[in-house]
Amino acid sequence: MSQSSLSEAVGKLEDLVGRPLLRRGPSGTHPTPAGERVLLHARSAVQAATDAVLAAQDDGALSGRLRVASYRSAATHLLPAALAAFRDLHPG
């Protein structure tokens with residue numbers, strides 16, 4: 001997103017809420033107290049949108065790399081069977 005597009009979007013949001021959300025100055029841009037409050041909700045909204053996309057794409061299969069840290073005794077006696085069973089259930 002370009003800086004001008006972002007500035008325009010922030011300006012529209014500030015118009016919508018009726019107060020400044022960012023304090024712009026020579027040392028940079030910082031959120032106002034209202035901006036801090038909006039930021040909490042904005043982060044939740046972005047996370048919810050990401051979760052919605054992932055839920056739509058989810059086919060129920062696990063995939064990826066699994067990294068395990070363990071004590072030597074557990075790695076020797078417990079993990080081999082557990083990891084074999086996990087791999088049988090989730091080959092990806």
Side-chain angles (χ1 to χ4, degrees):
M1 176 179 262
S2 70
Q3 188 272 329
S4 61
S5 296
L6 180 60
S7 291
E8 184 179 337
V10 170
K12 287 179 181 180
L13 185 57
E14 288 177 329
D15 289 344
L16 180 68
V17 300
R19 61 187 57 195
L21 300 175
L22 297 174
R23 185 177 305 114
R24 298 154 183 92
S27 63
T29 303
H30 305 283
T32 63
E36 290 283 353
R37 293 188 300 272
V38 167
L39 185 57
L40 293 172
H41 295 284
R43 284 185 175 136
S44 296
V46 169
Q47 185 62 54
T50 300
D51 291 346
V53 169
L54 291 174
Q57 295 171 341
D58 184 15
D59 61 3
L62 295 178
S63 64
R65 179 175 290 180
L66 174 66
R67 294 177 191 240
V68 178
S70 176
Y71 293 105
R72 183 180 301 176
S73 58
T76 301
H77 302 290
L78 301 175
L79 279 179
L83 291 175
F86 185 83
R87 186 174 188 137
D88 289 343
L89 289 172
H90 309 286

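This chain uses plain numbering: 1 for the first residue, then up along the sequence. Computed from a prediction, not measured in an experiment: that's the story for all the values here.
Considering all non-hydrogen atoms of both residues, Asp88 and Pro91 come closest at O-CD, 4.0 Å. When all heavy atoms of Ser70 and Ala74 are compared, the closest pair comes out as OG-CB, 3.3 Å. Nearest heavy atoms, Pro80 versus Ala75: CD-O, 3.2 Å. Taking each heavy atom of Pro31 and Arg23 in turn, the nearest pair found is O-NH1, 4.2 Å.
Between the side chains of Ser5 and Ser2, at least one donor-acceptor pair of N or O atoms lies under 3.5 Å. Side-chain atoms of Thr32 and Glu36 include no donor-acceptor pair closer than 3.5 Å.
When the side chains of ILVMFWY residues are joined at heavy-atom separations under 4.5 Å, either directly or via intervening members, Leu16 and Val38 end up in a single hydrophobic cluster. There is a path of hydrophobic side-chain contacts, each under 4.5 Å, that joins Leu22 to Leu6. Two different hydrophobic clusters hold Met1 and Leu21 under the rule that ILVMFWY side chains link at heavy-atom gaps under 4.5 Å.
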>> side-chain hydrogen bond (donor to acceptor under 3.5 Å, both in side chains) for Gln3 and Ser7? Distances and angles first, verdict last.
In response: CA-CA 6 Å; Gln3 188 272 329; Ser7 291; 2.8 Å; yes

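A salt bridge links Glu14 with Arg24: the distance from a Lys NZ or Arg NE/NH1/NH2 to an Asp or Glu carboxylate oxygen falls below 4.0 Å.
You'll find the side chain of Val10 stays beyond 4.5 Å of the side chain of Leu13, heavy atoms only. Using a 4.5 Å heavy-atom threshold, the side chains of Leu83 and Leu66 count as touching.
Remark: the backbone N or O of Leu40 is paired with a side-chain donor or acceptor of Ser44 at under 3.5 angstrom.
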